[in-house]
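The structure appears right after this line, and notes come after that.
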Amino acid sequence: MKNSVLPDGKNAIIAYGGKTLSVRKAAGKYLSGMSEFFKGDAHALELIKYQMNKLDPGRSYAELISGKYAGDFVQEILAGS
């Protein structure tokens, strides 16, 4: 499998607010702050919730694709499976 497809939201780290967090945790904190800022805007909160759902393990696009096409995913896609 190509390394560029491997999900790494858990292991990749970022400096956030003077702390080191996983990208997934930092994104959750950032989106939570956005939820507070946009409180009362139903459309914005719906979009933020959609993004937050993708932070759950196994729900990001990269994880879904790598799970579906684990192994030789390029050949599987070309074969139309």
Side-chain angles (χ1 to χ4, degrees):
M1 181 185 313
K2 292 186 176 211
N3 288 334
S4 62
V5 179
L6 293 175
D8 202 19
K10 181 180 177 184
N11 297 318
I13 57 170
I14 189 169
Y16 179 87
K19 298 180 181 179
T20 302
L21 301 170
S22 72
V23 169
R24 188 170 279 168
K25 284 184 181 180
K29 287 183 177 283
Y30 185 78
L31 289 168
S32 292
M34 289 178 66
S35 292
E36 188 63 31
F37 181 81
F38 287 105
K39 189 171 27 178
D41 183 336
H43 180 68
L45 293 174
E46 182 180 328
L47 294 173
I48 293 166
K49 182 179 177 183
Y50 174 77
Q51 295 302 325
M52 288 187 82
N53 285 337
K54 292 192 285 182
L55 297 177
D56 292 338
R59 298 198 59 178
S60 75
Y61 185 71
E63 290 170 313
L64 293 171
I65 294 301
S66 64
K68 182 175 181 179
Y69 297 107
D72 196 359
F73 67 93
V74 173
Q75 290 300 321
E76 291 178 36
I77 291 171
L78 293 175
S81 60

Shortest non-hydrogen contact from S22 to I14?
O-CG2, 4.2 Å
Beyond-backbone contact of Q51 with L55, side-chain heavy atoms, under 4.5 angstrom:
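With C-beta onward as the side chain, the pair stays apart.
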Show your reasoning for whether side chain to side chain contact (heavy atoms under 4.5 Å, CB included) applies to N53 and K49.
CA-CA 6 Å; N53 285 337; K49 182 179 177 183; 4.2 Å; yes
K19 side, atom NZ; K29 side, atom NZ - distance, nearest 0.5 Å
6.0 Å
Only pairs under 3.5 Å count here: list side-chain donor-acceptor contacts from residues 32-41, not counting sequence neighbours, and write none if there are none.
| from | atom 1 | to | atom 2 | distance (Å) |
| --- | --- | --- | --- | --- |
| S32 | OG | G28 | O | 2.9 |
| S35 | OG | L31 | O | 3.2 |
| E36 | OE2 | K39 | NZ | 2.8 |
| D41 | OD1 | H43 | N | 3.2 |
| D41 | OD1 | A44 | N | 3.1 |

